[in-house]
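Structure, as structure tokens:
Each residue takes its place number in the sequence, starting with 1.
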Amino acid sequence: MNLFPDLTVELRDFCKSRLAISPWLIETGDRFDPAIFEILDLEAREYAASNIFEKDRIKIFGTLPIPERLFRTALYEIMSSTAVLLAHEQTGQLEVNEEHAKTAIQMVNNFIQKYDFATLLQIYGLVTSYENQNALAYYGLMPEREFLLGSWHRPWIDYNLSDELLLGVLMGNYQIVIKEGRRYVKLTGQGQENLKNTKKY
């Protein structure tokens, strides 16, 4: 199963809109003071809480269980990454001010208005699943604990990847194998095919 339809047009427009999904930019150094973090975090939480319509859930997940964290995390990482990109373009620095934060929020809202919330989440999911699948293809076997912590492939995250692992297994992209008394995550044949298709973008 693949959650992602052909997103070629939408992904190109996402990039042309100067939106970014680069959470490693926001987890390194002091990009935001507490007030700026509060603006971005509150916007992501409120939007995710009030705009998750049933049609968006069905469009992305169908009958699969939904990891609720995904909605807030996706919005926060896109808004924050975009704010850092704006700060760098405008000042040559990576420190975000209130104007950058509010502009990034508006840019994300503009994209959602043009497409829909589900499309934004599908693009986020495409990027993050690529990071997971590419790492699994590289390592062959990854200890389950390291996958969950992201320590080998997404060290900038401050959350557990259990939702992404469970969803990947349910979709048939990953499997858990036991070797020498330890649990490992492995990319399935379907996961390898999905990775190959994602690389075409």
Side-chain angles (χ1 to χ4, degrees), residues 1-7 10-11 14 17 19-27 37 39-84 104-105 107-109 111-113 115-136 142 144-176 185 187 190-191 194-195 197-198 201:
M1 179 179 182
N2 192 347
L3 294 180
F4 312 116
D6 183 356
L7 294 167
E10 294 86 346
L11 192 57
F14 183 92
S17 300
L19 295 170
I21 304 174
S22 303
W24 53 92
L25 287 175
I26 59 180
E27 298 300 333
F37 169 80
I39 290 170
L40 293 163
D41 186 61
L42 185 62
E43 181 72 19
R45 287 181 187 279
E46 288 184 348
Y47 196 96
S50 63
N51 288 280
I52 307 296
F53 301 117
E54 198 69 11
K55 64 180 178 63
D56 295 310
R57 293 171 181 263
I58 292 169
K59 180 177 178 179
I60 304 171
F61 295 101
T63 59
L64 290 174
I66 302 172
E68 290 295 330
R69 171 193 59 80
L70 175 66
F71 303 113
R72 178 262 166 197
T73 301
L75 282 166
Y76 174 76
E77 290 186 357
I78 294 170
M79 289 173 178
S80 300
S81 301
T82 301
V84 173
I105 290 168
M107 289 167 67
V108 171
N109 282 323
F111 187 87
I112 291 170
Q113 291 299 316
Y115 295 98
D116 55 23
F117 190 48
T119 299
L120 183 75
L121 291 175
Q122 285 174 317
I123 290 172
Y124 176 83
L126 184 70
V127 171
T128 55
S129 65
Y130 172 80
E131 291 172 338
N132 291 339
Q133 292 171 7
N134 200 45
L136 290 172
M142 187 184 296
E144 182 184 30
R145 177 171 170 74
E146 305 308 326
F147 183 95
L148 294 175
L149 295 175
S151 53
W152 286 17
H153 65 305
R154 289 164 68 185
W156 51 84
I157 62 171
D158 61 358
Y159 49 86
N160 188 285
L161 294 176
S162 56
D163 290 338
E164 293 180 33
L165 176 59
L166 181 59
L167 194 57
V169 170
L170 287 172
M171 290 170 54
N173 291 325
Y174 316 145
Q175 68 180 105
I176 306 292
V185 184
L187 201 59
Q190 178 179 297
N194 285 338
L195 175 61
N197 290 334
T198 302
Y201 286 107

Q) Can you name the closest pair of heavy atoms from Ser80 and Leu40 and give their distance? A) OG-CD1, 3.7 Å
(Q) When you compare the side chain of Leu161 with that of His153, does any pair of heavy atoms fall below 4.5 Å? (A) yes
Q: Flag the pair Thr128 / Glu131 as yes when at least one side-chain heavy-atom distance between them is below 4.5 Å, and no otherwise.
A: yes
Q.
A side-chain contact here means heavy atoms from C-beta on lying under 4.5 Å apart; do Leu70 and Asp163 qualify?
A. no
Q. Does the pair Phe71 and Tyr124 meet the rule for a ring-ring contact (aromatic ring centres under 6.0 Å, His included), with working shown?
A. CA-CA 10 Å; Phe71 303 113; Tyr124 176 83; over 10 Å; no
Q) How many angstroms lie between atom CD1 of Ile78 and atom CD1 of Ile105, to the nearest 0.5 angstrom? A) 13.0 Å
(Q) Among residues at least two apart in sequence or on other chains, which ones pass side-chain hydrogen bond (donor to acceptor under 3.5 Å, both in side chains) with Ser162? (A) Asn160
Q | Smallest separation among heavy atoms of Ala104 and Ala83, with atom names | A | CB-N, 3.6 Å
Q) So which heavy atom on Leu120 is nearest to which on Val108, and how close? A) CD2-CG1, 3.8 Å
Q.
Under the criterion ring-ring contact (aromatic ring centres under 6.0 Å, His included), I'd like the reasoning laid out for Phe117 against Tyr47: C-alpha separation, chi angles, the key distance, then a yes or no.
A. CA-CA 10 Å; Phe117 190 48; Tyr47 196 96; 5.4 Å; yes
Q. Rounded to the nearest 0.5 Å, how far does CG of Asp56 lie from OG1 of Thr119?
A. 8.0 Å
Q: Please name the pair of heavy atoms, one in Gln133 and one in Asn173, separated by the smallest distance, quoted to 0.1 Å.
A: NE2-ND2, 3.7 Å
Q | By salt bridge (Lys or Arg N to Asp or Glu O under 4.0 Å) - contacts of Glu43 (at least two apart) | A | none
Q: Only counting residues at least two apart or in another chain, list the ones meeting salt bridge (Lys or Arg N to Asp or Glu O under 4.0 Å) with Asp41.
A: Arg45, Arg72
Q) With sequence neighbours left out, what residues match Glu164 under side-chain hydrogen bond (donor to acceptor under 3.5 Å, both in side chains)? A) Asn132, Arg154
Q. Hey, are the side chains of Leu165 and Glu144 touching, using non-hydrogen atoms and a 4.5 Å cut-off?
A. yes
**Q.** Euclidean distance, Leu19 CG relative to Thr82 OG1, rounded to 0.5 Å
**A.** 4.5 Å
Q. From Thr198 OG1 over to Leu126 CG, what is the distance, rounded to the nearest 0.5 angstrom?
A. 5.0 Å
(Q) Just to verify, what does Arg145 make a side-chain hydrogen bond (donor to acceptor under 3.5 Å, both in side chains) with, not counting sequence neighbours? (A) none
Q.
Once side-chain contact (heavy atoms from CB on, under 4.5 Å) is applied, do any residues pair with Glu146, and if so which ones, sequence neighbours excluded?
A. Met142, Pro143, Ser151, Trp152
Q. Does any non-hydrogen side-chain atom of Ile176 lie less than 4.5 Å from one of Val185?
A. yes
Q. Hey, is Asp116 close enough to Lys55 for a salt bridge, meaning N to O under 4.0 Å?
A. no
Q) Which pair of heavy atoms, one from Ala20 and one from Ser81, lies closest together, and at what distance? A) O-CB, 3.5 Å
